[in-house]
Trainee: 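Questions regarding the structure given below will be posed in turn.
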Amino acid sequence: MLAGCRAGSKIDGGRSYPIQKAQTRAVDVQVIRDETEISLVNTTAEALPEGTMWINGQFSHAFDGLAPGDRTTMSLKTFRNEYGEAFRAGGFFATQRPSSLVNAQIETDNGLIGLVVVNGQAAQ
């Protein structure tokens with residue numbers, strides 16, 4: 001009996017960062033980290049469109065958009081890279097050192113929109 005790789009196994013990954021798209025602008029939408037979650041607070045007068053949210057130019061998650069004055073919360077554990085690996089968010093039962101959050105962007109059809117990261121370090 002052979003052990004090892006199984007033929008036809010599928011890696012459930014996302015897609016790679018869209019390096020061909022330029023960041024067209026940055027907006028005053030704050031991305032605030034609270035250990036394993038992030039909150040987005042839209043302090044602008046314009047709606048943030050739906051698209052794909054990227055963190056650190058590697059991990060992505062679908063983004064539903066955000067109206068002016070609204071707030072939403074997302075779990076960092078739901079962000080995946082192109083290989084299916086989750087963002088190392090940390091938390092009480094974490095076995096690895098948590099990753100820092102240094103960059104956040106929303107990908108739309110028109111390019112990337114930069115966001116303001118606040119408190120990107122996880123509690124150690």
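When reading the values below, keep in mind they use all heavy atoms of this one structure, side chains included, and skip hydrogens, waters and symmetry mates.
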Trainee: Could you walk me through whether Lys21 and Glu107 pass the salt bridge (Lys or Arg N to Asp or Glu O under 4.0 Å) check?
Mentor: CA-CA 8 Å; Lys21 288 188 176 181; Glu107 177 190 7; 3.1 Å; yes
Trainee: Measure across Gly114 and Gln105 and return the closest heavy-atom pair with its distance rounded to 0.1 Å.
Mentor: CA-CG, 4.3 Å
Trainee: Measuring only between side-chain heavy atoms, which start at C-beta, is His61 closer than 4.5 Å to Arg80?
Mentor: no
Trainee: Measure the CG-OG distance between Asn56 and Ser100 for me, rounded to the nearest 0.5 Å.
Mentor: 8.0 Å
Trainee: Give every donor-acceptor pair under 3.5 Å between a side-chain atom in residues 24-32 and any protein atom, sequence neighbours left out.
Mentor:
{"residue": "Thr24", "atom": "OG1", "partner": "Leu112", "partner atom": "O", "Å": "3.3"}
{"residue": "Arg25", "atom": "NH1", "partner": "Glu46", "partner atom": "OE1", "Å": "3.0"}
{"residue": "Arg25", "atom": "NH1", "partner": "Glu46", "partner atom": "OE2", "Å": "3.3"}
{"residue": "Asp28", "atom": "OD2", "partner": "Thr43", "partner atom": "OG1", "Å": "3.4"}

Trainee: Is Phe79 linked to Leu48 within one hydrophobic cluster, defined over Ile, Leu, Val, Met, Phe, Trp and Tyr using a side-chain heavy-atom separation of less than 4.5 Å?
Mentor: yes
Trainee: Determine whether more than 12 heavy atoms belonging to other residues, nucleotides or ligands lie under 6.0 Å from atom CD of Glu50.
Mentor: no
Trainee: Assess whether side-chain contact (heavy atoms from CB on, under 4.5 Å) is satisfied between Arg15 and Thr52, documenting all intermediate values.
Mentor: CA-CA 11 Å; Arg15 56 189 186 90; Thr52 302; 3.6 Å; yes
Trainee: Taking Asn81 for its side chain and Gly84 for its backbone only, find out whether a donor-acceptor pair lies under 3.5 Å.
Mentor: yes
Trainee: Is there a continuous path of hydrophobic side-chain contacts, each under 4.5 Å between heavy atoms, that joins Leu40 to Leu101?
Mentor: yes
Trainee: With ring centroids as reference points, do Phe59 and Trp54 lie under 6.0 angstrom apart?
Mentor: no
Trainee: Pair up each side-chain donor or acceptor in residues 62-75 with any protein partner under 3.5 Å, not counting sequence neighbours, and list the distances.
Mentor:
{"residue": "Thr73", "atom": "OG1", "partner": "Ser39", "partner atom": "OG", "Å": "3.4"}
{"residue": "Ser75", "atom": "OG", "partner": "Lys77", "partner atom": "N", "Å": "3.2"}

Trainee: Could you walk me through whether Tyr83 and Gln58 pass side chain to side chain donor-acceptor pair (under 3.5 Å), step by step?
Mentor: CA-CA 10 Å; Tyr83 306 108; Gln58 182 180 4; over 6 Å; no
Trainee: Nearest 0.5 Å please: distance from the CD1 atom of Ile38 over to the CG atom of Leu115.
Mentor: 9.0 Å
Trainee: With distance as the sole criterion, is a donor-acceptor pair present between the side chains of Thr44 and Asn42 under 3.5 Å?
Mentor: yes
